[in-house]
Amino acid sequence: MASRYLIAASIALVVVSLSFAVAYGALGTAVPLENIRSLARAYVTLAYAPWNRTLTAMSPEAVTSIVWDFRGVDTFFETTVLFGAIIGTVTLFRGIKPSARIGEGLSIIARSAAAVTAPMILAVAAAIALHGHLTPGGGFQGGATAAVVALVILVTFSLGYLVSGLSKERALMLRSAGLLGIAAVALIPLILGGVVFQNQAKELSQFSYPAYIGGALTSGSLLFYNLFESLAVAAGLTLTIMLLLSPHEVVEEAVRGEEHERV
Amino acid sequence: MIEPVNVALGLAALSAVLSVIATYLAVSDRDLLRALIFSALQSTAYAIIFLVLMAPDIVLVYVPVAVGIYPAVVLALIKRVGRFEGGEGGE
Amino acid sequence: MVTPETLVAASVIVYIVALTLYTVRVVKGPTIPDRILAVDALTYDLAALIAVIGLLLRSPLLVPSAIVLSLWVYALDLYVAKYLEGRELGD
Amino acid sequence: MSEFEASLSLIVLFSLFANTAIALYGVFSKPNLVKKLISMTILSDTANAFAIVIGYRAWPSPEESPVPPVLTNISGGYAAVQELVQKSVDPFPQALVLTAVVIGLAVTIFLASIILHYHRTHGTVEMVVSG
Amino acid sequence: MVIDPYLIGRFVGAAIVLVGAFYDLTGSIGMLRFPNFFTRLHAATVGAIGGSVLPMLGVSIYAASEPALGEYRWFMAGASAIAALIILIVAPAGTHVLARAAYRSGTAPKEPCTYDAGEEGDER
């Protein structure tokens, strides 16, 4: 039994030293700082600066302007990682259709409450996504909120009810439409003589998305990025959850059929 | 006199202590359903920490993910593999 | 001199006491529905506390988090209820 | 920044430290794959919380809190932006954590489906090896 | 003496918040002291409706009558009013679903019990 104690002691040592390295040794006790760093100062200063049109993002919200303007290419590759994970899940469940059988769902009281609240929640999600350049929010937030709406409908009514409105192919199509929209918004400046992921006019290229539409501040491309990203995130997460919750027998049958073909 | 700084940082410290309790119970409990509930409690405490540290963007994305979607995924998993750690497989 | 700010700060203290009592029920609660109910009530209170904290810190931008937080605990209720009835989550 | 406030922020820091240790223990020593998944989610949340703590700043005065990095006074001109810079927190860690949370969820769903397939082929999710 | 209408609005809002906080304390004490799950449902209702909807409406009134918050005070007032409305719809529905599941599956013990209407075959 000595080896068991040795293993326990070594696990404890690794845990303590690793968490020390991650937490305390890397940060120290110097947080919080008195002032923010100069990089953050530059970002906050330049996020909304109509008097400096060649460097600004024309959005009062610094986080969204970092995500989609100052560091747009970072976010693009993070979106790629996200859809890599979603494609992996879809591949693991290949050949499986979510069942279209409409179950009984929850009680009538829960159904009525869900029927009243679901449009309200969708409106909240749309507001979070489309006001992302003015108030806290954005494409990722709105997309995650809309995905939970689909999940509430799935649990309250049934999986078949959701599938009858949003089939697997339609969710895939929406997700691809969101991705194509992001790509189009990123590439249109390149066609018209600008650079990739350009928002406002720079010194090298005069192309610029409109910062005001009809007198309202829309922050150029940020509005379109938020719209398409929320569409893509909502459709992708709903798709993977629909596949994950598909009934046991359906998955079992699909997997068994595959083995028969191989033999 | 109650200063706002003490109220805000005190709330952050209180939810940090709450998150330690919830994390310990979530990791040590043998019932996976109870571990999931304690994990949701820990997520709520973290949401309060994010809020007091002035990150409303993170709260708006973290709460749907950690309280709304993640319990559904783990519950679907528990439904298949059995509720108790170390027991026989479910179904 | 009683100002509205002191009334709000006092109500934050009352809320923190109530949160502690709810937490005791979450940790103690003998059955699963007890714990879920306590998490539920705790989170609705946290949603109200978010609005009150936004008032105390004078940051109007913190308040939309309350909507999101109160909504997704309802989703947690639905999942656990369906699990307790012993049915598939998508049935 | 007074002594009391510094001790409160140290409580937050050390609580996150303890959470890291507990979650790492869960990932390393629990044999159940679902328990490992739960612990791993707590670990990644804690790492995100550390990033947010790095971006925080001390209070300008006891009555006046830091504000989120969002300009609320759009018509105020350059003076309003300078006032925001004096009071706002660091937006950069928030922008990083924002995408990390959503990616973490997608990876969690992927791991959950892998665990489901493991259970389908092996009939168990316990990682205990005898002998 | 000139009475500031904004100050009255702020006092009304803060008073409603304080009343809601005491509702919440009552609900939490009930949650701790009541003997079984089905009685704790009552305490949860007091905590959710009295302790959460009421303070949100108070915050809404307070924020609408506080000019120091700037133009975004209407954003704050509207958001907290919407949150109050949503909790008003969602909290009873969630509690109902949970109570129904607990009763049907028999997870929560019913002792001490004086009257059980569900035993007479009321399947709704």
Side-chain angles (χ1 to χ4, degrees), chain C residues 2-8 10-15 17-22 24-25 28-34 36-38 40-42 44-52 54-55 58-64 66-67 69-71 73-78 80-86, chain E residues 7 10-11 13-15 17-18 20-22 24-29 31-32 36-37 40-41 43-44 47-48 51-56 58-60 62-63 66 68-70 72-77 79-80 82-83 86-87 90-91 93-95 97-102 104-105 107-109:
Chain C
V2 178
T3 59
E5 284 82 8
T6 51
L7 288 183
V8 171
S11 64
V12 171
I13 306 296
V14 179
Y15 267 113
V17 174
L19 285 183
T20 319
L21 294 183
Y22 280 131
V24 171
R25 178 49 74 193
K28 236 175 80 175
T31 62
I32 294 290
D34 281 321
I36 287 288
L37 192 67
D40 208 358
L42 188 148
Y44 290 134
D45 295 341
L46 279 182
L49 188 57
I50 283 174
V52 175
L55 208 56
R58 295 179 178 279
S59 326
L61 296 170
L62 298 184
V63 177
I67 301 176
L69 195 59
S70 56
L71 277 176
V73 163
Y74 166 64
L76 185 68
D77 278 359
L78 293 184
V80 176
K82 211 144 187 185
Y83 181 86
L84 285 180
E85 287 191 9
Chain E
L7 189 64
R10 268 179 285 170
F11 263 113
V17 170
L18 200 58
F22 277 104
D24 195 32
L25 190 62
T26 317
S28 68
I29 292 173
M31 182 70 93
L32 199 61
N36 65 4
F37 171 71
R40 280 180 203 132
L41 284 171
S52 179
V53 174
L54 207 57
M56 291 257 186
V59 167
S60 181
Y62 190 115
E66 170 75 299
L69 288 175
Y72 272 62
R73 71 176 191 271
W74 300 113
F75 178 74
M76 184 172 184
S80 49
I82 289 174
I86 285 180
I87 293 180
V90 148
T95 318
V97 170
L98 199 61
R100 191 168 183 265
R104 285 191 158 191
S105 67
T107 335

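Fair warning: this is a prediction, and the values are worked out from it, not measured in the lab. Residue numbering restarts at 1 for every chain, and letters A, B, ... go by the order of the sequence lines.
- By number of non-hydrogen pairs under 4.5 angstrom with chain E, the leading residue of C:Val80, C:Val2, C:Val24 is C:Val2.
- Listed options E:Arg40, E:Glu66, E:Met56 were ranked by heavy-atom pairs under 4.5 angstrom with chain C; first place goes to E:Arg40.
- In this structure, C:Pro30 and C:Asp34 have side chains that are in contact, with non-hydrogen atoms separated by less than 4.5 Å.
- Heavy-atom distances place the backbone of C:Thr3, and not its side chain, under 4.5 Å from chain E.
- For C:Ala48, the parts lying under 4.5 angstrom from a heavy atom of chain E are both the backbone and the side chain.
- Of the listed residues (E:Leu98, E:Val17, E:Leu54, E:Ile86), the greatest number of heavy-atom pairs within a distance under 4.5 Å of chain C belongs to E:Leu98.
- When the candidates E:Ala99, E:Ala15, E:Ala21 are compared by the number of heavy-atom contacts under 4.5 Å with chain C, E:Ala21 comes out ahead.
- Options E:Ala48, E:Ala91, E:Ala63, E:Ala44 differ in how many heavy-atom pairs under 4.5 Å they form with chain C, and the most are formed by E:Ala91.
- Looking at E:Ser52, its side chain does come within 3.5 Å of a backbone N or O of C:Tyr44 through a donor-acceptor pair.
- Taken from OG in E:Ser60 to CE in E:Met76, the straight-line distance is 9.0 Å, to the nearest 0.5 Å.
- Between E:Phe75 and C:Val63 the shortest side-chain heavy-atom distance does not fall below 4.5 Å.
- Listed by chain and number, the residues in a side chain to side chain donor-acceptor pair (under 3.5 Å) with E:Ser105 are E:Thr107 (sequence neighbours excluded).
- By the side chain to side chain donor-acceptor pair (under 3.5 Å) test, E:Thr26 pairs with no residue at all, sequence neighbours left out.
- Counting heavy-atom pairs closer than 4.5 Å to chain E, the top residue among C:Ala10, C:Gly86, C:Pro33 is C:Pro33.
- Panel note: side chain E:Arg10, backbone C:Pro4; no donor-acceptor pair is recorded below 3.5 Å.
- Between C:Glu5 and C:Leu55, every side-chain heavy-atom pair lies at or beyond the 4.5 Å cut-off.
- Residue contact with chain E, scored on non-hydrogen atoms closer than 4.5 Å, involves the backbone and the side chain of C:Ser11 alike.
- Contact annotation for C:Ile32: neither backbone nor side-chain heavy atoms come within less than 4.5 Å of a heavy atom of chain E.
- With chain E as the partner, the residue from C:Val12, C:Leu21, C:Leu46, C:Leu78 showing the most heavy-atom pairs under 4.5 Å is C:Leu21.
- By number of non-hydrogen pairs under 4.5 angstrom with chain C, the leading residue of E:Val90, E:Leu18, E:Val97, E:Val53 is E:Val90.
- Per-residue heavy-atom pair counts under 4.5 Å with chain C were compared for E:Leu32, E:Asp24, E:Leu7, and the maximum is reached by E:Asp24.
- Between C:Leu84 and E:Ala101, the shortest heavy-atom contact is CB-CB, 4.3 Å.
- Across C:Ile67, C:Leu71, C:Leu69, the residue that shares the most heavy-atom pairs under 4.5 angstrom with chain E is C:Ile67.
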